[in-house]
Amino acid sequence: MHAQSSPLSTLSLLGLLLSSLLIAGSAHSANLAVQETALQHIPKTVAISLEKNQIPQEAISISVVEIEPGRPGKIITKTELDWRSQQAMNPASTMKLITTLGGLDILGSQYRWRTNIYTDGFIRKGTLKGNIYLQGTGDPKLIPEELAKMMKALQNLGIQKIDGNLFFDRSAYAPNVMEHNTIDGESLRAYNVPPDPLLYAFRTLSFQLGKSHTADFIDISFTPPLSQLKVVNQMQLLDQSCDSWKNNIRFNLYPEGDGAATNRLLTAQFSGSFPNACKGVNYNVVALDANTFLTQGFTAAWELAGGSWMKPPTGKSGTVPLAARLLLQFEGIPLADDVQDINKYSNNVMARQLMLTLALEKMGKPATTENGELVIQSWLKSLGLQFPELVIENGSGLSRSEAISAGHLNQVLVAARSLSVAETFYNSLPIAGTDGTMRNRLMAHLRKFLHLKKKPEARIKTGSLVDVRAISGYVISKSGKMYAVTSFINHPNAWKGLEAHDQLLAWLLDDGPEPKLAR
């Protein structure tokens, strides 16, 4: 299940991968019976919304396919709506659908990442005398709760005190994939965190701010716990609404004193003003380098578990020595749970780590995005899907170069219905009016169906970049029909396109009224 070293060359591995996936695909593609009756039109309500928001019809692509179960193992499809569906466009975060479905189908929904802990020392009378080496494989959800389990597992080995330092082995990834490059220059934003085989808590400090329940001042707490972080609160409460609470906050994070950079005292200073109407908000920032963040996070987690240190440890990068012995192999949460987070909340770094994991597992280390793309392209071919316009840069959609057509992404949704992971994938998508990035969408329209015993639903992955809005997923209509729907808007006014996409989804929830040609 996990990547192992092999004497085979990368080329040989790729050849084996391609041949095995293509053999599997010849059988799978035979399970799709396609019935094409393409209609070239845009529903009237969608066309009106586009015109109102000054989005030309040439800036949108739409593909709608009805999916029906056929004979056992067969799927019957009927194209209901096709508008520029073969045009290559930027799909934004809907690209995550290919990454997550590929991950589930190739690795299995119960796949778990492993974080290995080695030592070059020994345990004597409850003290580990030696250094600790953490070797990561890219667990995208190594969060405080998981790290607490890891600390408990270490203590179960008979360790109460550690006399040594921390070393971090990130050899699972090629160095260039860990570089901090952004498409918008916002390097301190959580969505821009780069991949890391030892990613801890998304490398994001999350401060919780809110008015105290007992006095007229602001409470500030933070997660994850860090061993050397203190908060200086110089903010003032203002009598105003919570709408623009970030505007008047000034934040600064700086080290104090001497010593190793990874275990120096850190001060997080908040100044400015904060609205008293805010009940509780999160201020997230990526302000520490990976080694400092992990060193102080690991140190704090060990202390919270009741462990102690001979002296505060330093942390630095380094590979596991050949003579080191394995102390612990810690397994993270199942991939199915990770995919829920990726799709419902559009987590970019988790999607990127999943794509790199495909490269790591199928082609060995160091994992590269290029190898991840090869694995995904080979998997698509195994399903009988060949998309010449497809461009995958990092698998998350946080890219200006990623591209696919709406029709082809819809084909992926159709193919998903015949896979063993179909329901796991379906359940990972945001539900309109309920959760994830669709939580506040279509709420008024869905109220129309409250009287129905079996209510319609829209399970839709969303995507947004500057100049891009996208939706892709499934709609169960009021009569019980299932539709796969994908639509992209690429235009400077795309940010106004949410209404048009909601009109499209509403049209499908209502069973797609008799189509009228857009005028």
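Side-chain atoms are counted along with the backbone in the values below, which use heavy atoms only and exclude waters and symmetry mates. None of the values given here were measured: they were computed from a predicted structure.
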Task: Exam field: side chain Asn291 to backbone Gly315, donor-acceptor pair closer than 3.5 Å - done: no
- [ ] Check the side chains of Lys461 and Ser346 for a donor-acceptor pair under 3.5 angstrom, ignoring hydrogens and angles.
- [x] yes
Task: Exam field: side chain Asn284 to backbone Ala190, donor-acceptor pair closer than 3.5 Å - done: no
Task: For Ser401, all residues meeting side-chain hydrogen bond (donor to acceptor under 3.5 Å, both in side chains), sequence neighbours excluded - done: Glu393, Ser399
TODO: List in chain and number order the residues that pass side-chain hydrogen bond (donor to acceptor under 3.5 Å, both in side chains) with Thr119, two or more places apart in sequence or in another chain; answer none if no residue qualifies.
DONE: none
- [ ] Measure the shortest side-chain to side-chain distance between Thr79 and Val64 over non-hydrogen atoms and say whether it is less than 4.5 angstrom.
- [x] no
Task: Partner set under side chain to side chain contact (heavy atoms under 4.5 Å, CB included) for Pro366, not counting sequence neighbours - done: Ala174
TODO: List for me each residue that meets salt bridge (charged side-chain N to carboxylate O under 4.0 Å, His left out) alongside Arg469, sequence neighbours excluded, and say none if there are none.
DONE: none
Open item on the list: Please enumerate all residues that pass side chain to side chain contact (heavy atoms under 4.5 Å, CB included) together with Tyr345, with sequence neighbours excluded.
Closed with: Asp341
Task: Test salt bridge (charged side-chain N to carboxylate O under 4.0 Å, His left out) applied to Arg170 - qualifying residues, sequence neighbours left out - done: Asp196
Task: Donor + acceptor pair across side chains of Thr100, Asn343 (<3.5 Å) - done: yes
- [ ] Check whether any side-chain heavy atom of Tyr474 lies under 4.5 Å from a side-chain heavy atom of Glu457, and answer yes or no.
- [x] no
Open item on the list: Between Ser109 and Thr424, do the side chains contain a donor N or O and an acceptor N or O under 3.5 Å apart?
Closed with: no
- [ ] Mind checking salt bridge (charged side-chain N to carboxylate O under 4.0 Å, His left out) for Arg203 and listing every partner two or more places apart, or none if nothing turns up?
- [x] none
Open item on the list: I'd like to check the side-chain hydrogen bond (donor to acceptor under 3.5 Å, both in side chains) partners of Glu303; sequence neighbours left out, ordered by chain and number.
Closed with: none
Open item on the list: Suppose the criterion is salt bridge (charged side-chain N to carboxylate O under 4.0 Å, His left out): which pairs have a residue in residues 409-438, not counting sequence neighbours?
Closed with: Lys344-Asp435, Arg417-Glu423
Task: Asp105: partners by salt bridge (charged side-chain N to carboxylate O under 4.0 Å, His left out), with sequence neighbours left out - done: none
Task: ring pair (Phe, Tyr, Trp, His ring centres under 6.0 Å) involving Phe167 - partner list, sequence neighbours excluded - done: Tyr133
Task: side-chain hydrogen bond (donor to acceptor under 3.5 Å, both in side chains) pairs, two or more places apart, involving residues 147-159 - done: Glu146-Lys149
Task: Close side-chain approach of Arg459 to Asn427, heavy-atom, < 4.5 Å - done: yes
Task: Pair Thr204, Ser206: side-chain N/O donor-acceptor within cut-off below 3.5 Å - done: no
